[in-house]
Amino acid sequence: MDPETGQGSPFFDYVYGTEVAEVEVDMRTGKVHLLHYVSAHDVGRAINPALVSGQVIGGVCMGLGTALLEEYRSGHGGPRFLNFDQYLIPTASDMGKVEVVIVEGNNPEGPFGATSIAEPAIQIVAPAIINAVAHATGRRVRDLPADLEKVFLGHEIERKPVRESERSRVRGKS
Amino acid sequence: MNSFEYIVPDNIDRACSFLAGKSESTKILAGGTDLLINLKKGFEKPRHLLDIMGLKELRQIEDLGDSVFIGSAVTMTEIGDSDIIRRCTPFLCQAARSIGSPQIRNAATIGGNLINASPCADTMPPLMALECAAKIRNAEREDELKLEDLIIEPYQTVLSLKEILVGLSFRKLPRGSGTSFLKVGRRRAMAIAVVSIAVSVAISDDGRISEARIAPGSLLPVPSRLRNTEEALMTEPPSEGLFERVGGLAAEEAFAIVGTRLSTPYKKPVFAALVKQALSEAVQRCEAL
């Protein structure tokens with residue numbers, strides 16, 4: 001990057017990863033369970049491989065929440081969920097077996113060929129899980145999270161409109 | 001949180017006589033998984049907290065031959081681990097183990113689960129199927145009440161502030177009965193039931209279902225059995241086809257009570273499938289008991 005013009009390559013390196021999800025879907029209830037997950041990432045030289053694995057497993061857990069549970073909902077001028085008893089995130093019991101594959105590529109720009117392994121561990125988890133759900137059920141959920149209702153019915157449960165924009169939409173329909 | 005006086009009575013008579021004098025300003029503490037949250041949020045402002053967790057009479061599970069008694073301050077962990085409960089009523093064991101997390105199950109009590117009277121209380125379906133009688137005490141006398149008479153609307157019981165739930169008793173299920181408890185939650189732990197079901201069935205010598213009890217959870221405003229569906233189950237020999245039809249009937253019977261809600265397009269077919277699966281499991285377990 002040229003400090004004078006602010007032009008050049010915005011990223012000194014891109015991160016590369018591949019992830020595979022295996023899920024089980026209970027077709028009677030729409031419940032998705034993660035059975036097995038493989039997460040492979042090029043991180044450069046892993047000086048502390050256990051730390052890299054921990055980062056990746058944590059990313060899988062967060063991504064699992066994005067895929068199946070977590071959703072910000074607002075209403076009455078603020079967030080509707082104010083605590084983790086309503087805003088659900090995965091528990092240890094919800095985690096499947098995770099296999100971490102550390103690929104030690106050599107990025108010439110980073111020290112010891114390093115790239116990064118924080119966000120990269122999270123970003124493609126939800127797509128992998130949603131693809132696995134689509135493969136299992138033959139039906140694709142197109143907005144997250146893929147909760148019980150969306151997986152079972154193929155669409156969201158109609159909710160009572162809480163925002164003025166939603167109310168006017170409902171009025172417009174009728 | 002408001003300050004309060006914390007009282008630990010030596011026995012149930014002392015607890016009742018304390019309540020007789022100070023019922024208006026006292027809350028009973030039996031685990032506190034709901035009460036402590038309400039105290040912290042300021043929803044409840046009692047001047048006295050009467051801790052009944054130390055009362056021996058309330059802490060026992062007793063096999064009385066034909067019947068079983070469970071003290072109201074028995075924890076969910078103790079119910080889940082109890083040989084008596086596992087032997088006599090496996091579905092109550094399953095329900096207790098499905099609640100919250102180990103920390104919550106160590107504190108939460110069966111009496112609290114009942115008296116809180118939430119429509120989604122996990123132990124309610126099996127307790128309804130067991131036709132439990134609630135033993136109630138006050139300073140003067142002891143009464144017994146059926147669960148359907150105890151809980152009159154969501155989160156509301158008929159107990160007066162001077163009364164303590166001592167425990168629950170129920171007759172053992174008929175010999176050879178099989179049971180099942182199934183719960184749909186959004187995750188595998190720390191999950192409030194979206195819908196649940198407890199069933200018990202007994203099979204007579206001719207292979208027919210001689211007795212059936214079906215109690216839904218997280219569905220009806222107050223606990224109730226599905227009596228018409230139970231009748232229908234006894235009309236022909238058990239088969240997957242029968243269970244499927246009865247599942248549909250159960251959904252019709254339950255949703256006739258609650259009416260159509262936003263969640264009905266999901267809950268109704270899922271409940272029907274759950275009933276079918278629970279019946280199938282219970283019948284398979286019939287010989288095992």
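Quick note on labels: first sequence line is chain A, next is B, and so on, each numbered from 1.
Residues A:Phe152 and B:Val184 form no side-chain contact, since every pair of their non-hydrogen atoms from C-beta on lies 4.5 Å or further apart. Taking the side chain as every heavy atom from C-beta outward, B:Arg187 and A:Leu68 never approach each other to under 4.5 Å. B:Val270 places none of its side-chain heavy atoms less than 4.5 Å from the side chain of A:Arg28.
Among all heavy-atom pairs drawn from B:Pro265 and A:Ile157, the shortest one is CD-CD1, 4.4 Å.
Sparse packing is recorded around CZ of A:Phe84, with 12 or fewer heavy atoms of other residues, nucleotides or ligands lying under 6.0 Å away. For A:Glu24, the CD atom sits in a loose shell: 12 or fewer heavy atoms of surrounding residues, nucleotides or ligands are nearer than 6.0 Å. Residue A:Arg45 places its CZ atom among 12 or fewer non-hydrogen atoms of other residues, nucleotides or ligands, all under 6.0 Å distant. Atom CD of B:Glu211 is surrounded by more than 12 heavy atoms from other residues, nucleotides or ligands within 6.0 Å. With a 6.0 Å radius and a threshold of 12 heavy atoms from other residues, nucleotides or ligands, A:His135 has its NE2 atom at or below the threshold.
Considering OG1 of A:Thr91 and CE of B:Met190, their distance stands at 8.5 Å, rounded to 0.5 Å.
A salt bridge is defined here as a Lys NZ or Arg NE, NH1 or NH2 lying under 4.0 Å from an Asp or Glu carboxylate O, and A:Glu149 with B:Arg186 meets this definition.
Within the 4.5 angstrom heavy-atom criterion, atoms from both the backbone and the side chain of A:Leu88 approach chain B. In this structure, chain B has heavy atoms under 4.5 Å from both the backbone and the side chain of A:Leu148. Interface residue B:Val194: only side-chain heavy atoms are found under 4.5 Å from chain A.
Listed for the B:Tyr266 side chain is a donor-acceptor partner under 3.5 Å among the backbone atoms of A:Thr29.
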